[in-house]
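What you see is a predicted model, and the numbers here were worked out from it, not measured in a lab. Start at 1 with the first residue, then count along the sequence.
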Amino acid sequence: MKTLVPKALRRGDTIGLISPSSHCSFPDRIQQAVTYLEKNGYRVKPSIHLNRIDTDPAIADEEKLQDLHGMFGDPSVAAIICLRGGAGSYRLLKKIDYGLIAANPKILVGYSDITALSLAIFSKTGMISFSGPMLATELHGPTAYTEEHFWGMLTSPAYALSLLNHESHPVTCVREGCAEGRLIGGNLSVLSSMIGTPYLPPFRDTLLFIEDINEPAYRIDRMLSHLGNAGLLAESRGILLGQFTGEPERNGENIRLEKIFDYYCQHAHPEGPVMRGLSYGHICNLMTIPVGARYRMEVSASAFSLRALEPVVLQ
């Protein structure tokens with residue numbers, strides 16, 4: 001399948017806002033994010049049902065799909081940013097018009113539950129999307145690091161050539177080496193639930209990146225075991241472990257998690273590098289990662305690099 005690369009954002013472009021997952025209980029954050037985008041020189045277009053709440057999944061899904069399709073079909077919209085994660089986007093996968101998206105490739109940004117959309121869209125269309133900050137979780141008040149990665153990735157083809165970790169996230173080399181492949185991944189809980197469906201891309205020749213929040217160690221163990229039993233860890237050319245925050249930290253399970261990660265490293269490709277500590281997850285200093293783009297990772301006891309092998313946006 002041919003890779004579809006969206007056009008880079010330019011000042012004055014219109015950014016569409018959608019909420020394909022959960023709603024936000026703090027509407028002031030939405031306005032703060034809108035103000036932030038406008039101050040950076042962009043027009044903002046909220047979808048018709050942005051932050052709408054409906055307890056009937058059938059009605060909610062219809063509204064979310066209308067907004068998603070509307071933004072991809074609108075020629076005035078250059079990029080689409082999701083409100084937040086939560087739950088619900090995976091219910092849309094069967095009903096999405098992938099032909100519409102393939103005919104109108106554009107920047108799509110979101111992580112956590114939006115992992116389902118990113119992986120399904122890449123699987124069905126080959127379009128690169130971006131696992132990065134969202135309106136109600138980061139863009140209402142982003143850190144300098146988050147800002148730099150977000151705008152750099154979406155506006156400059158040259159920026160993606162090298163992604164740097166935040167200084168507060170030390171890299172641990174679990175297995176040294178170098179590998180090339182497509183960046184495939186996102187939230188571990190969402191990704192593992194997609195195994196066995198036609199919406200999960202092939203893992204052969206990929207670099208797997210994963211994170212999660214508020215998942216105890218035994219559940220992370222179970223999900224990684226599921227990936228291993230499905231043969232996906234062995235197919236991945238390299239593994240990048242992001243931040244696993246919340247529950248493990250509160251329960252003092254960090255050491256146990258390290259042992260779990262070391263264990264599943266043995267299930268990975270025998271020559272594939274594995275690292276821990278990527279600046280990616282439910283964290284303040286968040287890296288923006290282009291899902292589906294070809295990268296080269298290299299890790300050793302003293303160095304880590306992640307470099308693009310192809311453009312992730314076009315001028």
Side-chain angles (χ1 to χ4, degrees), residues 90 111-113 115-116 118-120 122-123 131 163 165 169 171-245 247-248 253-282 287 289-301 304-306 309:
Y90 40 80
Y111 73 106
S112 192
D113 187 60
T115 295
S118 292
L119 295 179
F122 182 75
S123 176
S131 194
L163 301 185
N165 239 37
H169 300 139
V171 170
T172 298
C173 175
V174 180
R175 181 196 287 163
E176 67 177 16
C178 61
E180 297 178 0
R182 295 199 179 276
L183 285 168
I184 295 295
N187 180 262
L188 177 60
S189 298
V190 176
L191 186 152
S192 64
S193 72
M194 296 175 70
I195 294 175
T197 74
Y199 307 107
L200 188 67
F203 270 50
R204 185 179 179 183
D205 296 331
T206 60
L207 302 178
L208 173 64
F209 66 97
I210 51 176
E211 62 81 31
D212 222 317
I213 184 171
N214 289 333
E215 294 290 351
Y218 80 91
R219 291 188 59 168
I220 294 171
D221 182 10
R222 184 168 62 200
M223 288 184 282
L224 289 174
S225 179
H226 189 35
L227 265 66
N229 290 337
L232 301 183
L233 295 180
E235 288 185 350
S236 300
R237 301 293 300 182
I239 297 177
L240 302 104
L241 299 167
Q243 306 297 314
F244 288 74
T245 52
E247 195 75 14
E253 294 184 322
N254 288 337
I255 294 178
R256 182 181 176 189
L257 264 187
E258 290 177 10
K259 298 295 184 182
I260 289 171
F261 292 143
D262 289 346
Y263 174 80
Y264 286 102
C265 163
Q266 306 307 314
H267 293 242
H269 191 284
E271 299 176 0
V274 181
M275 61 83 71
R276 291 199 312 264
L278 190 69
S279 296
Y280 174 73
H282 291 70
M287 181 183 290
I289 299 179
V291 179
R294 286 191 58 81
Y295 267 70
R296 176 184 176 89
M297 70 172 288
E298 189 167 355
V299 63
S300 67
F304 166 67
S305 66
L306 188 59
L309 300 177

Margin query: Give me the atom names and distance for the closest heavy-atom approach of S123 to P198.
Written below: OG-O, 3.3 Å
Item checked: Shortest non-hydrogen separation from V274 to A268 and the atoms involved -> CG2-CB, 4.4 Å
Can you measure from [atom1] ([X]) to [atom2] ([Y]) and round to the nearest 0.5 angstrom?
X    : Y    : atom1 : atom2 : answer
T115 : L200 : OG1   : CG    : 11.0 Å
H226 : L233 : NE2   : CG    : 11.0 Å
S225 : Y263 : OG    : OH    : 7.0 Å
N187 : D113 : CG    : CG    : 8.0 Å

Checklist line | Electrostatic pair R276-D262, nearest N-O below 4.0 angstrom | finding: yes
Note to self: Between R296 and E180 (salt bridge meaning N to carboxylate O under 4.0 Å), is one present in this structure?
What the structure shows: yes
Heavy-atom side-chain proximity of [X] to [Y] below 4.5 angstrom:
X    : Y    : answer
F261 : I220 : yes
E235 : T206 : no
Y295 : L163 : yes
F244 : L188 : yes
L240 : L306 : yes
L183 : P290 : yes
L191 : L208 : yes

Check: Could you walk me through whether S192 and L227 pass the side chain to side chain contact (heavy atoms under 4.5 Å, CB included) check?
Finding: CA-CA 7 Å; S192 64; L227 265 66; 3.9 Å; yes
Item checked: Candidate pair V190 and L119, rule side chain to side chain contact (heavy atoms under 4.5 Å, CB included), full reasoning -> CA-CA 10 Å; V190 176; L119 295 179; over 6 Å; no
Check: Any chance the rings of Y111 and H282 have centres within less than 6.0 Å?
Finding: yes
Checklist line | Heavy-atom donor-acceptor pair, E253 side chain to A217 backbone, under 3.5 Å | finding: yes
Checklist line | CA sep, side-chain torsions, deciding dist, call: Y90, S193, side chain to side chain donor-acceptor pair (under 3.5 Å) | finding: CA-CA 9 Å; Y90 40 80; S193 72; over 6 Å; no
Notebook entry, point to check: Can you list the steps and then say if D212 with M223 is a side chain to side chain contact (heavy atoms under 4.5 Å, CB included)?
Noted result: CA-CA 11 Å; D212 222 317; M223 288 184 282; 3.9 Å; yes
Next item on the list: Apply side chain to side chain donor-acceptor pair (under 3.5 Å) to R237 and list each qualifying residue two or more places apart in sequence or on a separate chain.
Entry: H269
Next item on the list: Determine, step by step, whether L278 and L241 satisfy the side chain to side chain contact (heavy atoms under 4.5 Å, CB included) criterion, reporting the C-alpha distance in whole Å, the side-chain angles of both residues, the deciding distance to 0.1 Å, and the verdict.
Entry: CA-CA 6 Å; L278 190 69; L241 299 167; over 6 Å; no
